[in-house]
Every structure is written in C-alpha cells, then in structure tokens.
Amino acid sequence: MTAPFDSARWIWHKPSEGLNCYVDFRRPFTLPAESGKVTLFISADSRYTAFVNGKALTASQYADYPTYKVYDEVDITDLVQGGENVLAVVGYAQGEDSSVYRLEQAGVWFAVTADDKTVAVSDGETLCRASRDFVSGEVERFSPQLSFGFRYNAAAKDGWQELGYTAGAEWEAATETGVICQMFPRPIAPLLRCEPVTAHVLAQGVFFDKQPLIEAAGTRMHEAALGFRTAGEMGFHFNSQLPCENGLPVTGNEGDGIWVLIDLGREEAGVLQLDIDLPHDATVLVGFGEHLDDQRVRARSGGRQFATVYEGVAGRQQFCYPFKRLGCRYVQLHIYAKTATIYYAGVAPTEYPFVTRPAFRCGDSLHNRIYDVSCRTLELCHHEHYEDCPWREQALYAMDSRNQMLFGYYAFGEVKAAQASLRLLSLGMREDGLLELCAPARVPVTIPAFSLCFITAVAEQVAFSGDLAFGKEMLPTVSRILQTYAARKAENGLVPCFDFAGAWNFYEWSDGVDGSTPATDKIFEAPLNAFWALALADAATLFEKLDCQAEADDCRKQLAELRQAMQAFWNEDAGAFVTRLGENTAPHYGELTQALAVCAGAADDRQRALLCERLVAPDSGLVPVTLSCTIYKYDALCKEPEKYGAWVLQNVADIWGNMLFNGATSFWETEIGAWDFHCAGSLCHGWSAVPIYIYCRYLLGEHLDGTKDTPVDGGVYAPRRA
C-alpha cells in the first residue's frame with residue numbers, strides 16, 4: 001500500500017493565521033460498497049475535533065512537540081458508507097506559548113485508509129475556511145497556563161460537517177505549510193468521553209449586569225448583582241435534576257436575565273455540554289469553578305477568567321466544546337433572557353482508562369475514605385499526561401508528576417502513562433542543561449530543583465516496570481542534568497543557587513523556600529543540595545541496573561562527598577540544618593530542609609534522631625511543610641517506623657480528614673484551600689494524593705519492585721536498610 005504518511009501534508013488556512021484561531025477543513029472521499037476496516041489517522045498543532053458524515057469523534061490531540069508529533073488512529077468503519085463520505089475537521093491553533101503548549105506552525109494533518117489503501121489525505125486540494133461559529137482572535141484567557149477560553153456564535157452554524165452540504169464561495173484550497181516532521185503513534189490509551197454527569201440545580205434567580213460594557217465574561221459574572229428567587233418563583237420544582245428529559249423551564253421577569261447555579265456533585269474534569277431552549281437569540285455566560293466561597297462560582301480570580309460566552313439562537317440547541325477541559329464542581333449560567341428551558345448544563349468527563357488495583361482497606365473508615373479520595377484526585381489529574389490540577393493549569397511539572405507517578409504505581413499499577421509523561425519532560429531539555437518548567441511548553445522560567453526530581457522519577461519508573469529499554473532511552477537526559485550540576489559545584493563541595501534570568505529557586509510554598517528570597521551564585525541552599533543528593537543516589541541505582549557501573553560508582557563517590565559537604569548547613573546551637581548559607585542571608589529553619597537532609601543521608605545518626613523529634617514536636621520552631629512536600633517529611637520519619645509510624649498516620653488523618661470534613665471530593669493544593677494564592681487555590685491537586693503512598697508503602701510495606709517489608713509493632717513496616 002501507499003503509506004498515508006508519504007502523501008498527507010500539513011495544511012492550514014493561511015500560514016500567518018494562528019492566534020486563538022479556528023479553521024474548518026472539509027475533505028470528501030469515496031468508498032466501495034464493501035470497504036472493510038476504515039481508519040482515520042489525524043494530528044494537529046495545536047488541537048482538533050473531527051466529524052465523519054456529521055458524526056463527532058471523541059478523539060483528542062495528544063500533547064507533543066514539533067520534533068515528536070503524535071497522531072491518533074481512529075477506527076471510523078461504523079461511521080462510513082459505500083459511496084460518498086466526508087471528513088470534516090476543525091483545527092484549533094492556540095497561537096502563543098503557555099504551560100500546556102509549545103508554539104509552532106499551526107496546522108492539521110490527516111489520512112483516511114480503507115483496507116490499508118489510502119482514500120483521502122490532507123493536502124492543497126482540501127477545502128478550508130476561517131471558522132464561522134467559533135470566535136478567533138483575542139478572547140478571555142482562562143489563565144496564563146491554559147491560555148484562551150472561548151466564545152461561540154450558534155447563529156453562524158451552517159451544517160458544513162454534514163455529507164449533503166455544498167461549499168460556498170468562502171471556501172478555498174488549503175495551504176500546504178511545508179512542515180515536515182516524523183510522526184509517532186499515540187503512546188497511551190485514548191481518553192474516554194463519558195456521559196454527562198448527573199447534576200442538580202442548586203440555586204437560581206435573576207441578575208443585574210453591573211458591567212455590561214466589560215467584555216471579560218468572568219468579570220461580568222463576578223460583578224453582576226444576583227437576586228435569589230425560590231424554585232417555585234422561577235417556575236420549577238426545587239432540586240431539579242439534569243439531564244432533564246422534558247426540560248427545566250426557568251422564568252424571571254426582572255433584571256437583565258436569569259441565572260442558574262448547577263452542582264455536579266463532586267469535582268469533575270471534562271468538556272462543556274449545553275442543551276438549552278431559548279425564546280430568542282440571547283447571550284449565555286458560562287462560569288465554572290470548584291467552590292462557592294463567593295456565594296457564586298468564582299469566575300474571576302486575579303487576571304484569570306473562568307468563564308465563556310455562548311451566543312445562543314432561538315429554539316433548542318446543543319453544544320459541546322471539545323478543545324479544552326473544564327475542571328470544576330459547579331457551573332453557573334447567566335442567560336440574557338427572561339425565560340429559558342434547560343435540558344442540561346455541565347460537563348461530560350474525559351477520563352484516562354486507569355485500571356485500579358485492589359483498594360487499600362483497613363479497620364478505620366476515615367483512612368479508607370482518604371485513600372479513595374486520593375485515588376479520585378489522582379485520576380482527575382491525568383489526561384494526555386499527569387497534570388498538577390484540572391481547574392487552573394493542567395500542566396506537567398517534573399516535581400509534581402514524580403509524586404503523581406509514584407502514587408499511581410501503587411493505586412493503578414500504570415506504566416505507560418508514567419513513561420509517556422517522562423518522555424515529554426525529557427524532550428523539554430533546555431540549552432542550559434535543565435528541563436523546561438512544564439512540558440510540552442516554552443516557559444520563560446524554570447525551577448532547577450525540579451530537573452533533579454526527574455532523575456528520581458526515572459529511577460522509580462525503571463524500578464517499578466523493570467523496563468530497562470525505557471531507562472536507556474532516558475539516560476541521555478539523566479546524564480545531562482547530572483553534568484549540569486557537577487559543573488556548578490563550588491570549592492566547598494556544594495552547588496550554589498542558580499542566578500541566571502528565569503531561574504526560580506523554588507522548592508515548595510512554605511515561607512523561605514518558595515523562591516522569593518533573592519539568590520546569587522554565592523548563596524548555597526540546603527534543599528537544592530539535598531535534591532541533588534537524592535538524584536545522585538537514584539542515578540547510581542539506575543546506572544547499575546543499566547550496566548553502567550563506572551557511572552554508578554562516580555555517582556556514589558559524588559554522593560559521599562556531597563553528604564559530607566552538607567554538614568556545613570548544620571547549626572549545632574539551633575539543632576537543625578539552616579536553609580541557606582552566604583552573605584546577608586537570614587537564618588531560616590524549615591521542616592522541608594530537615595526532612596530532605598534526613599532523606600538524602602546528609603544527617604548523621606545523632607542529627608537524624610534530633611531532627612525527627614523536632615519534626616513531630618508541636619512547638620518545633622520550624623517553618624511547616626505544605627502538602628506538596630509532606631512526602632519527604634513522612635519518608636524521613638518512617639526511617640524509624642516503630643517510633644513515628646503512628647504519628648504519621650494520625651497526621652494524615654488530621655490533615656486529609658479535615659479536608660473531607662470541609663466537603664472535599666478531591667484533595668486541595670494546600671490546607672488553606674480556595675483562598676490561598678490570592679483566591680486561586682486549587683481544590684484538586686495531584687501532589688495531594690500522597691496518602692496512597694503512605695498506606696501502601698508503610699502500612700502494606702510494598703516496594704516498587706514488588707518486594708515487601710517485615711511488619712513491626714504498630715502495624716507499620718520497617719523500611720529496608722541499604
């Protein structure tokens with residue numbers, strides 16, 4: 001056969017177009033009466049949605065790089081017929097760098113095969129036009145990490161995806177962009193598009209738009225005056241469920257329109273779905289959020305706008321936005337009409353098909369519930385790759401994902417998803433020998449310590465999967481990061497802070513280690529050197545498994561020297577490791593610094609005993625860790641499980657139980673919750689699934705390689721000693 005990769009071309013409307021740009025592509029093709037299996041191969045930069053004979057596909061673009069373009073392979077046999085068919089594709093180009101996308105030439109690429117014979121490809125004969133219904137150009141941005149939200153004009157729909165449509169004068173031949181790249185199959189399973197979740201109307205009323213001239217939808221929703229009305233006053237029964245087969249009629253005769261607040265029941269991540277009936281053409285603002293601390297959905301937070309604009313038409317209409325997921329529990333509608341009938345408004349979850357291992361269970365129902373919600377949190381934070389949170393960012397960070405992968409091994413036994421995330425991170429190697437802050441992305445800052453976490457993640461992946469071939473694939477990136485750090489080592493044996501423009505010397509969100517303290521190459525920080533020590537230890541194990549004994553020996557030699565050098569941070573009077581050394585540095589003692597020193601083997605036996613006592617003392621004088629780094633505190637304490645195991649379990653019950661008692665259906669970014677980070681705290685964050693690891697590693701005694709520890713008193717397991 002003629003390979004579709006040889007004849008398909010990357011195409012776009014006009015190469016110069018690309019900022020939040022939507023382009024329609026239409027390609028007819030003919031099939032014999034008996035065509036066997038029909039397959040669509042498709043890719044886009046940056047995203048796509050596709051239709052075959054008017055039927056929408058649920059395929060979605062995998063996050064990738066221009067040097068690693070990933071295509072989807074979709075069986076469309078059940079959607080085609082003998083004779084004429086049509087493939088319709090909407091290509092979306094974000095047009096700017098963000099934390100989830102690396103800007104390159106916009107384009108779509110596709111091929112259709114029947115019985116392995118190519119019957120249609122993307123090329124200069126494909127018809128295209130600028131989208132009529134999706135609004136291109138500058139619109140509200142959800143956040144800097146996610147970039148643009150969207151606006152949609154239902155009045156501009158003309159059925160162009162259907163087989164019987166006739167292309168008018170606005171259609172023209174697509175431009176072949178000239179992009180040539182190697183194509184790779186999707187490395188993980190496709191996402192599942194689930195049925196829209198059952199939701200309930202929680203509140204309703206009329207609104208008065210105080211800022212009608214402000215274009216930002218989230219600001220309009222945030223500033224609107226809301227008048228509550230009972231369900232009876234609005235014409236329907238209270239606690240009405242959606243989807244509603246006969247529709248939920250809502251009527252209000254005051255103000256600028258009616259508002260409805262919808263509860264999805266728990267945190268969800270998926271695509272927006274609307275099914276409404278309007279009496280006339282009307283604007284519908286759709287806001288989404290994770291809480292109701294503002295007595296409404298927090299559709300505006302700082303410069304973020306968690307809201308969209310749907311320009312509706314008279315009559316019943318259904319709409320799905322397939323290009324970006326919404327992470328939320330609540331959806332709020334502001335309908336600029338006096339009446340409407342709502343059949344559904346909410347999300348259809350898009351889920352990665354994890355296969356869960358048998359759930360952790362013990363005699364304490366609180367711990368069982370914490371485990372279940374931790375697994376739910378982790379599931380919500382994986383789609384094309386692991387992501388920090390589904391609401392605000394959806395970004396792949398090396399430190400966050402190292403924790404998520406580790407938790408995922410215990411919860412799901414998943415290998416491919418972790419390997420795919422690590423591959424994306426590896427492809428983000430910068431010229432300075434550090435990884436991009438997120439992958440695939442181009443971000444002006446990077447966190448040097450996170451590159452070290454990548455090494456730990458690779459070592460843990462190989463330990464769990466036993467996949468030495470994958471370890472060898474990652475070896476060049478691991479070696480490059482180690483070389484970058486070794487080259488920076490000062491005469492005192494320590495690595496100084498990175499001080500180039502864009503270096504963020506961040507470790508976690510606690511005061512004093514959040515990267516807000518000015519750093520120079522004359523300042524040395526204990527957390528950075530501890531992360532280097534952890535990376536050296538993990539790299540040595542990895543090199544040894546890959547039969548690179550000389551490299552393993554060198555890592556262990558560097559590790560021994562580094563552990564000795566880190567004694568410079570020890571302050572005998574304070575009985576702790578100071579966080580930083582150098583001129584004009586204020587004394588800082590944090591739980592993270594002490595925990596990392598213990599985990600990295602930088603503390604001797606006497607120091608370790610002192611530090612563990614302080615880590616559990618209520619008046620320790622140490623700056624506490626936040627949720628992201630509790631794993632290091634718990635690992636440090638569980639080096640002596642007989643003494644501290646019960647304390648760790650109680651601490652988990654206190655912290656995560658408190659979130660549950662405050663209504664959490666997924667675990668928060670920090671204990672402060674929604675009010676943290678200037679009212680932008682996430683209520684679903686992957687790094688907060690750490691209880692999975694604590695239960696499986698220290699209660700069940702499970703190691704990544706499948707071995708188990710011997711139980712000791714108190715129900716915890718003694719860790720193996722090197």
Side-chain angles (χ1 to χ4, degrees), residues 397-400 402 428-438 443-456 478 480-539 558-559 561-571 574 576-603 622-623 625-626 628-629 632:
Y397 293 87
M399 190 276 277
D400 300 48
R402 175 263 165 171
M429 175 60 71
R430 296 158 39 115
E431 292 183 1
D432 58 13
L434 299 173
L435 299 178
E436 286 281 1
L437 179 65
C438 307
V443 183
V445 299
T446 188
I447 299 176
F450 282 18
S451 293
L452 296 168
C453 295
F454 170 85
I455 297 174
T456 294
V478 169
R480 178 77 185 280
I481 295 168
L482 290 173
Q483 291 164 7
T484 298
Y485 273 81
R488 286 184 57 81
K489 186 168 68 171
E491 291 182 0
N492 62 5
L494 301 171
V495 169
C497 289
F498 289 76
D499 63 347
F500 60 84
W504 184 14
N505 293 282
F506 170 92
Y507 309 106
E508 68 140 347
W509 289 114
S510 291
D511 290 341
V513 290
D514 59 1
S516 60
T517 302
T520 72
D521 61 2
K522 305 299 182 185
I523 293 177
F524 301 86
E525 294 186 330
L528 180 65
N529 283 274
F531 276 117
W532 185 26
L534 290 169
L536 284 168
D538 291 324
Q558 291 186 64
L559 176 59
E561 294 172 350
L562 178 57
R563 284 171 170 168
Q564 183 60 41
M566 285 189 66
Q567 281 293 311
F569 292 104
W570 178 257
N571 185 308
F577 285 84
V578 69
T579 296
R580 59 184 53 84
L581 297 171
E583 293 183 2
N584 301 317
T585 57
H588 178 277
Y589 298 94
E591 287 187 347
L592 177 62
T593 300
Q594 317 315 315
L596 285 173
V598 171
C599 292
L622 302 174
V623 178
V625 296
T626 61
S628 67
C629 286
Y632 298 108

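For the residue pair Leu559 and Ala533, the shortest heavy atom distance occurs at CD1-O, 3.4 Å. The two residues Phe569 and Glu525 make their nearest non-hydrogen contact at CZ-C, 3.6 Å. Residue Pro496 comes nearest to Leu528 through the heavy atom pair O-CD2, 3.6 Å, listed as atom of the first residue, atom of the second, then distance. Closest heavy-atom contact between Met566 and Ala526: CE-O, 3.8 Å. Nearest heavy-atom pair, Thr446 versus Leu437, reported as atom, atom and distance to 0.1 Å: OG1-N, 3.9 Å. When all heavy atoms of Leu596 and Ala530 are compared, the closest pair comes out as CB-CB, 3.6 Å.
Of the possible donor and acceptor atoms, one in the side chain of Arg580 sits under 3.5 Å from a partner among the backbone N and O of Gly512. Formation of a donor-acceptor pair under 3.5 Å by the Asn505 side chain with backbone atoms of Phe498 is found in this model. At distances below 3.5 Å, not a single donor-acceptor pair connects side-chain atoms of Glu436 with backbone N or O atoms of Gly428. Listed for the Thr579 side chain is a donor-acceptor partner under 3.5 Å among the backbone atoms of His588. At least one donor-acceptor pair under 3.5 Å links the side chain of Arg488 to the backbone N or O of Cys497. The backbone N or O of Val578 lies less than 3.5 Å from no partner atom in the side chain of Thr593, so there is not a single donor-acceptor pair.
A distance of 7.5 Å separates CD1 in Ile481 from CG in Leu434, rounded to the nearest 0.5 Å. Interatomic distance, CG of Asp521 versus CG of Asp499, reported as 4.5 Å (0.5 Å rounding).
Remark: aromatic rings of Phe531 and Tyr632 are close, center separation under 6.0 Å.
Side-chain atoms of Met399 and Ile447, non-hydrogen and from C-beta on, never get closer than 4.5 Å to each other. Counting heavy atoms from C-beta outward, Trp532 and Leu494 have side chains that stay 4.5 Å or more apart. Put simply, the side chain of Lys522 does not reach to within 4.5 Å of the side chain of Glu583, judged on heavy atoms. Counting only heavy atoms from C-beta outward, the side chains of Thr484 and Asp432 never approach each other to under 4.5 Å. Counting heavy atoms from C-beta on, the side chains of Leu435 and Met429 come closer than 4.5 Å. Looking only at side-chain heavy atoms (C-beta outward), Asn529 and Leu562 come within less than 4.5 Å of each other.
Heavy-atom contacts from other residues, nucleotides or ligands closer than 6.0 Å to CG of Asp514 number more than 12. The number of heavy-atom neighbours closer than 6.0 Å to CD of Gln567, taken from other residues, nucleotides and ligands shown, is above 12.
Partners of Ala486 by side chain to side chain contact (heavy atoms under 4.5 Å, CB included), not counting sequence neighbours, listed by chain and number: Gln558. In this structure, the side chain to side chain contact (heavy atoms under 4.5 Å, CB included) partners of Thr626, at least two apart in sequence or on a different chain, are Glu508, Trp509, Ser510, Ser628.
Taking the six-membered ring where tryptophan is involved, the planes of Trp504 and Phe506 are tilted, since the angle between them lies from 30° to 60°.
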> Given Ile455 and Tyr485, is the side chain to side chain contact (heavy atoms under 4.5 Å, CB included) satisfied, shown in steps?
Replying inline: CA-CA 12 Å; Ile455 297 174; Tyr485 273 81; over 6 Å; no
